[in-house]
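Each remark here refers to the structure printed beneath this line.
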Amino acid sequence: TACSSKYVLSQMHPMWQGPLVVPGGDRQSPIDIVVRKSIFDSKLKPLVTKYDPHTCQQIWNNGYSFLVEYDDTTDKSTLQGGPMEDKFRLCQFHFHWGETNAWGSEHTVDKKLFPAELHLVHWNSDKYSLFEEAVMEDNGLAVIGVFLKVGKRHEGLQKLVDALPAIRHKDSVVEFNRFDPGCLLPTNTDDYWTYHGSLTTPPLTESVTWLIMKQHIEVSHEQLAVFRSLLFTSAEEDMQKSMVNNFRVQQPLRGRAVRSSFS
Ligand SMILES: Cc1ccc(O)c(S)c1
Ligand SMILES: [Zn+2]
């Protein structure tokens with residue numbers, strides 16, 4: 001049921017981000033959010049997340065990031081509200097980060113970079129029956145983006161950090177249960193920006209309603225350092241490469257509107 005393990009990125013571009021520009025792509029991600037150009041939309045509802053920690057299944061290193069995967073065969077862990085009409089099912093979450101605290105996020109706010117960014121990936125289970133179907137459809141996915149800042153240690157994240165040494169190499173997997181992804185959301189999830197975009201890793205499909213949280217979460221420098229101890233490479237490869245800077249370059253807005261749920 002892993003929503004992403006079957007989602008093998010086949011035609012890989014030498015650079016992990018895939019093609020820098022997708023031919024004909026006019027709603028690519030990530031983007032810079034220009035706050036003064038975002039449009040307040042009073043019709044945007046608060047996000048409603050209902051996550052069941054028991055649907056957590058495994059954590060694995062897919063050679064681009066580490067993914068925490070959830071059982072998405074039932075509507076046990078869901079997201080609704082926001083700009084969406086339908087119910088979306090959580091299938092995985094992962095992060096993007098830099099080699100230093102100076103950069104690492106994919107989205108930026110008025111060009112401000114964060115050291116890392118969390119993506120909680122959900123697919124439209126009212127319209128589709130599998131992640132693999134939804135990922136190819138307009139707005140088949142809804143991804144919550146949360147910025148990470150370096151500060152106090154995040155107690156909820158530590159359980160995940162402690163599991164990382166076991167998946168240092170690409171394609172390593174360990175069982176991972178009872179993790180509540182809700183603990184990684186900021187206290188305020190009512191304030192967010194939303195726009196139509198794409199996956200930031202191949203196949204870069206333009207199927208994502210992005211929900212970027214205005215409020216960041218804090219993690220410690222030591223916790224981020226463990227992210228950087230992961231490797232892009234498998235155990236067999238002789239050249240071990242640190243898993244850092246696994247973010248995509250920013251993409252043209254192409255006239256898209258970025259709406260805000262707050263004024
Ligand atoms: C489905 C999915 C896989 C990888 C990603 O970085 C994103 S942003 C979404
Ligand atoms: Zn991502």
Side-chain angles (χ1 to χ4, degrees), residues 1-20 30 53 55-72 90-106 114-121 131-132 135 143 145-146 148 150 153-154 156-181 183-184 199-204 219-249:
T1 60
C3 55
S4 52
S5 53
K6 291 191 286 297
Y7 203 67
V8 178
L9 307 153
S10 50
Q11 65 286 37
M12 273 317 298
H13 186 278
M15 288 294 290
W16 79 277
Q17 296 98 321
L20 296 186
T55 55
C56 188
Q57 288 187 318
Q58 59 186 20
I59 182 169
W60 70 296
N61 176 333
N62 71 350
Y64 315 102
S65 180
F66 63 91
L67 307 183
V68 178
E69 293 186 323
Y70 285 75
D71 168 15
D72 60 353
L90 174 70
C91 61
Q92 52 107 327
F93 69 81
H94 62 273
F95 297 80
H96 302 265
W97 60 91
E99 64 192 284
T100 81
N101 294 338
W103 63 78
S105 63
E106 298 213 299
F114 294 82
E117 182 173 332
L118 159 65
H119 288 161
L120 294 136
V121 179
F131 167 81
E132 283 76 6
V135 72
V143 182
V146 183
L148 274 63
V150 176
R153 177 182 144 111
H154 192 297
L157 183 72
Q158 195 54 36
K159 180 180 173 198
L160 196 160
V161 167
D162 289 339
L164 297 185
I167 56 163
R168 276 197 82 209
H169 289 100
K170 178 179 177 206
D171 297 330
S172 43
V173 194
V174 284
E175 192 179 359
F176 194 67
N177 301 121
R178 277 182 316 290
F179 184 84
D180 172 15
C183 83
L184 298 176
L199 300 193
T200 62
T201 54
L204 304 168
V219 303
S220 69
H221 180 84
E222 292 71 21
Q223 289 177 316
L224 264 190
V226 180
F227 282 25
R228 300 185 184 112
S229 73
L230 292 173
L231 299 168
F232 279 128
T233 43
S234 58
E236 298 73 39
E237 293 176 67
D238 44 14
M239 275 300 290
Q240 297 296 329
K241 297 190 188 79
S242 292
M243 183 180 277
V244 292
N245 301 328
N246 56 357
F247 52 82
R248 190 189 189 198
V249 294

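Only heavy atoms go into these numbers, but all of them, side chains included; no hydrogens, no water, no symmetry mates. No experiment lies behind these values; they were computed from the predicted model shown.
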Side chains of [X] and [Y]: closer than 4.5 Å at any heavy-atom pair?
X	Y	answer
Tyr70	Cys56	yes
Leu164	Ile59	yes
His154	Val161	no
Leu160	Val68	yes
Arg153	Glu222	no
His96	Ser65	no
His119	Glu106	yes
Arg178	Lys159	yes

Quick one: [atom1] on [X] to [atom2] on [Y], what's the gap to the nearest 0.5 Å?
X	Y	atom1	atom2	answer
Leu118	Ser105	CG	OG	12.5 Å
Asn62	Ser172	CG	OG	10.0 Å
Ile167	Phe176	CD1	CZ	9.0 Å
Gln158	Cys183	CD	SG	11.5 Å
His94	Asn246	NE2	CG	8.5 Å
Lys170	Thr233	NZ	OG1	9.0 Å

Using modelled atom types only, decide if a donor and an acceptor are shared between the side chain of Asp180 and the backbone of Pro53 within a distance under 3.5 Å. no
Whether the side chain of Ser242 engages the backbone of Val244 through a donor-acceptor N/O pair (distance < 3.5 Å, no angle test) should be reported. no
Could you walk me through whether Val219 and Phe95 pass the side-chain contact (heavy atoms from CB on, under 4.5 Å) test, one step at a time? CA-CA 13 Å; Val219 303; Phe95 297 80; over 6 Å; no
Heavy-atom closest contact ([X] atom, [Y] atom, distance):
X	Y	result
Val150	Ser220	CG1-C, 4.3 Å
Asn177	Glu175	OD1-OE2, 3.0 Å
Val146	Leu148	O-CD1, 3.6 Å
Arg228	Gly98	NE-O, 2.8 Å
Met243	Asn61	CE-OD1, 3.4 Å
His169	Ser234	CD2-C, 3.6 Å

Among Tyr64, Phe114, Trp103, Phe66, find the one that has a ring pair (Phe, Tyr, Trp, His ring centres under 6.0 Å) with Trp97.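 Answer to the ring pair (Phe, Tyr, Trp, His ring centres under 6.0 Å) test with Trp97 among Tyr64, Phe114, Trp103, Phe66: Phe66.
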Under 3.5 Å, is there a donor-acceptor pair between the Glu69 and Gln58 side chains? yes
Taking atom types as modelled, find out whether Glu99 and Asn245 have a side-chain donor-acceptor pair closer than 3.5 angstrom. yes
Step through it carefully: locate the ring centre of Phe93, locate the ring centre of Phe179, and say whether they are under 6.0 Å apart. yes
